[in-house]
Amino acid sequence: MAEMAASGETPEILFWVGCAGSFDERYKSVTQAFVKILNKVGVSFAVLGPEEACTGDPARRAGNEFLFQMQAVSNIQVMNAYEVKKVVTACPHCFNTIKNEYPALGGNYEVIHHSQFLQQLINEGKIILQGGGEFKGKKITFHDSCYLGRANDVYEAPRDVIRALDVELVEMKRCKTKGLCCGAGGAQMFKEPEPGKKDINVERAEEALATGATTIAVGCPFCLTMMSDGVKNKEKENEVKVYDLAEMLAKDMGI
Amino acid sequence: MSILPQVIFLLVFAVAGYILFKRISFLRRNIFLGKRETRNDLPDQRWKTMLLVAFGQQKMFKKFTPAILHLLIYVAFVIINLEVLEFVIDGIFGTHRVFAPFLGSAYGVAMNIFEFLAIAVLVSCFAFLIRRNVMKVDRFTKPELNGWPAMDANLILVIEIILMFAILTMNATDQILASRGVPHYTLLNGLFFSNFLQPIFQGMSDSTLVFIERFAWWFHIVGILAFAVYVTYSKHLHIFLAFPNTWYSNLKPKGEMNNMPEVTNEVNMMLGIAPETSAEPPAEIGRFGAKDINDLSWVNVMNAYSCTECGRCTAECPANITGKKLSPRKIMMDVRDRAEEVGKSMDAGGPGLADGKSLLGDYISKEEINACTSCNACVEACPINIDPLSIILQMRRYVSMEESAAPAQWNAMFQNMETAFSPWKFPPSDRFNWAEKLKNEEIKEN
């Protein structure tokens, strides 16, 4: 972003990479896949790189409002300085926070989740799919992220993206408004669960496996981790893969 | 005819009215122990939400069978109460079936509808008793319902069954008396359901029947008044509070947490955005987050009084499903129990809020609030838009900001964020490393 600003360019979108997108070994490939799609389609975009900080979501959900606002206000200062208008992110937590919680602190942007952005690109004919590739005809189930679904009522965009791949979309018993959490929200990602009889991600992975799907599609970095771990816990990691929507599209496009 | 029954009726009515007034004042005061919060924006949307969710029972229908049974009781409650209007007029003026002459044959039709609804209530209440006590539906057997809550639920169902039997008994005996030409009784054109009860009473004398009919009449009206008072002590308050509760729903996206402006000033100062001198003198900040009911919003406390403990929230809660201690229903029950405790103490001249106890600690444990994934499943599941998550998050704020007692791993995460601006301990300069791979690929291609 700094480079673009220096050369007087205004990108169409700011791609908010997020901490998982920057640092999580597995999830970096989602960032890369999404960027490849943006490059292929020719979307003019920028990232903040080292100027990006955590949105503060986990701090706020863990109760530390002060730390949240420190992160938020700093991020807003950076984004406002670059006159950012439109933000796209693959992380539903970043999406929710920037979209719903930054306005109260002076950050007003059009914020869209990458599932919505990809859906738009498909609808506009900018992404031309090759008929599903390795996913063609396969059973795929989509795991709703709480912060995309219930928190912001985005249920159809990710499903439209999956359907565009010419696959068989199968739903879990608990889906859409009744979707079961992966167990990571509310800052649970950053601590061990409280004592109980089972881990939430295992419960959810069992439900996903029961659909007979060979791919579990997700649209959230935390869900990706939790569902992958859940599938591993059931020793099904060789038969069943967990992918982000962007990865699936990039595979199909051969990039 | 003696005027005595009318006097007694008025007296009963006045006493019930007085008790109700006292009870409503008590509840109102308890609800407003919560902090002031204005939620009057978007009135059109609020009326619409109330009409759909409370009046139209929209969210009940996520579970079809109980929704139908509940709808029957609800419709019966609303419509049979029209008949109560007649009861009251008859009671005050010593008349009998005062509407009958005015409505003609329509009156008989109306009575048949009421009887049908009474039967529907009987069937539904029996079905609900079976679901609770025989089938033991999972969400009705959770530990937070042990004792009074389970008893309260059964009592309500049994009282409703008895009240409906009173109506049918009254109609059956009333019509036998009318058919015998006993003065004062009006023969209606056949009452379908209570007809089946008539054989029980046929052999009895006129005077016995008059006694039973009068007894049933009195039992029904006094029963309704007593039930109205009982409701104010019970989870059954939802029959009234569901309406304001849905009107004051949270209309923002469910993922949005409310901002704490009292923190923003300080943050701006720290970041050098607002110079310290120009900042207004800090207003008296009571407490960050919520430790007790007076730290919560009054809407949270009203939510608690509106809760009828159906447990749909808990049945959908991922933490509860996987055996954690958290139950969103228990959170609501705890808020209510604490509000009752404080209210009673205040009325008795006791210490009220300063009784050395608090919601967090004495009712709700940290283990419970720490188990929440903030997934909003409980909020989505509630048939009357109660928001347990809001309460949990306010208590987390208290623990983190006032006690610095968040779980150790969260404190570590906070530290990472303070020093490296990420919940994980990576240097900010590595944020762009993901692009290396793409650059390398590009170089290879070229």
Side-chain angles (χ1 to χ4, degrees), chain A residues 17 19 21-24 28 31-32 35-36 47 49-50 52-54 56 58-67 69-71 73-74 77 96 99-101 104-105 146-147 150-153 177-178 180-181 183-200 203-204, chain B residues 62 252-257 259-260 263-264 266-268 270-271 273 288-289 316 318-319 321-326 367 370-377 379-380 393 396-401 406-407 409-410 412-414 417-418 421-424 426 428-435 437-438:
Chain A
V17 180
C19 301
S22 305
F23 300 126
D24 183 294
K28 271 191 217 172
T31 307
Q32 288 153 356
V35 165
K36 281 182 194 171
V47 297
E52 187 184 289
C54 175
R60 184 171 243 195
R61 264 90 202 149
N64 195 335
E65 179 72 8
F66 187 79
L67 183 54
Q69 291 202 12
M70 289 290 283
Q71 303 293 115
V73 172
S74 310
Q77 279 204 299
N96 176 69
K99 178 174 175 282
N100 297 324
E101 298 178 355
L105 296 164
C146 309
Y147 276 80
R150 276 188 294 270
N152 289 293
D153 295 318
T177 57
K178 299 187 98 179
L180 184 78
C181 175
Q188 297 296 340
M189 185 71 190
F190 305 99
K191 74 167 183 53
E192 289 303 313
E194 303 307 305
K197 59 178 197 278
K198 198 181 201 178
D199 281 343
I200 296 172
E203 167 90 9
R204 186 57 165 170
Chain B
K62 290 183 171 196
K252 293 178 185 162
K254 287 197 194 72
E256 180 179 338
M257 266 178 84
N259 195 45
M260 291 175 74
V263 173
T264 313
E266 214 175 320
V267 166
N268 284 341
M270 290 268 300
L271 293 171
I273 299 169
F288 290 128
E316 302 287 330
I321 289 169
T322 56
K324 276 88 179 170
K325 226 177 140 193
L326 173 64
E367 183 180 335
N370 286 345
C372 175
T373 69
S374 72
C375 76
N376 267 303
V379 182
E380 177 68 39
L393 292 174
R396 279 192 184 174
R397 278 178 170 166
Y398 173 80
V399 174
S400 174
M401 299 177 77
Q409 286 173 306
W410 276 355
M413 179 259 288
F414 295 155
M417 207 180 282
E418 278 161 16
F421 312 111
S422 158
W424 294 292
F426 291 101
S429 52
D430 284 359
R431 271 200 186 261
F432 205 38
N433 286 2
W434 56 266
K437 191 177 165 224
L438 295 184

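No hydrogens, no waters, no symmetry mates; every other heavy atom, side chains included, goes into these values. Just so it is clear: chains get the letters A, B, ... in the order the sequence lines come, proteins before strands, and each one is counted from 1.
Here B:Gly255 is the residue among B:Gly255, B:Cys372, B:Pro318 with the most heavy-atom pairs under 4.5 Å with chain A. The most heavy-atom pairs under 4.5 Å with chain B, out of A:Thr177, A:Leu180, A:Asn152, come from A:Thr177. Between chain A and the options B:Glu316, B:Glu418, B:Lys254, heavy-atom pairs under 4.5 Å are most frequent for B:Lys254. Contact tally against chain B (heavy-atom pairs below 4.5 Å) for A:Gln188, A:Lys28, A:Lys178: the top residue is A:Gln188. Put simply, of A:Glu52, A:Met189, A:Arg150, A:Lys99, the one with the most heavy-atom pairs under 4.5 Å next to chain B is A:Arg150. In terms of heavy-atom pairs under 4.5 Å with chain B, the best-connected choice from A:Ala104, A:Gly49, A:Ala59 is A:Ala59. The choice from A:Arg60, A:Lys36, A:Lys198 that makes the most heavy-atom pairs within less than 4.5 Å of chain B is A:Arg60. The greatest number of non-hydrogen atom pairs below 4.5 Å with chain B, out of A:Pro50, A:Ala53, A:Cys19, A:Gly196, is found for A:Cys19. Options B:Ser422, B:Pro428, B:Ala406, B:Ala435 differ in how many heavy-atom pairs under 4.5 Å they form with chain A, and the most are formed by B:Ser422.
Of the inter-residue distances, the one linking B:Glu266 atom CD with A:Met70 atom CE reads 9.5 Å to the nearest 0.5 angstrom. Between A:Leu105 atom CG and B:Thr264 atom OG1 the span is 5.0 Å, to the nearest 0.5 Å. For the atom pair CE (B:Met417) and CD (A:Gln71), the distance works out to 5.5 Å, reported to the nearest 0.5 Å. Within the model, atoms CZ of A:Arg61 and CG of B:Leu393 stand 7.0 Å from one another, a figure rounded to the nearest 0.5 Å. Rounding to the nearest 0.5 Å places CZ of B:Phe288 at 10.5 Å from CG of A:Asn64.
Ring centroid separation for the pair B:Trp424 and A:Phe190 comes in under the 6.0 Å cut-off.
Both the backbone and the side chain of B:Ile321 come within less than 4.5 Å of a heavy atom of chain A. Proximity to chain A (any heavy atom under 4.5 Å) is restricted, for B:Met413, to the side chain, taken from C-beta onward. Only the side chain of A:Gln77 comes within less than 4.5 Å of a heavy atom in chain B; its backbone stays farther off.
Remark: side-chain polar atoms of A:Gln32 are paired, donor with acceptor, to backbone N or O of B:Trp434 under 3.5 angstrom.
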Stepwise side chain to side chain donor-acceptor pair (under 3.5 Å) check, A:Gln69 with B:Asn268:
CA-CA 9 Å; A:Gln69 291 202 12; B:Asn268 284 341; over 6 Å; no
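B:Met401 and A:Phe66 get closest at one heavy-atom pair: CE-N, 3.8 Å. Heavy-atom minimum distance, B:Trp410 versus A:Gly186: CZ2-O, 3.6 Å.
Between B:Asn370 and A:Lys191, the closest side-chain pair of non-hydrogen atoms falls below 4.5 Å. At a threshold of 4.5 Å between non-hydrogen side-chain atoms, the residues A:Tyr147 and B:Ser374 count as touching. Residues B:Lys324 and A:Pro193 form a side-chain contact, since some pair of their non-hydrogen atoms from C-beta on lies under 4.5 Å apart. Side chains of A:Asn100 and B:Met257 form no contact here, defined as non-hydrogen atoms less than 4.5 Å apart. The shortest distance between side-chain heavy atoms of A:Glu194 and B:Lys325 does not fall below 4.5 Å.
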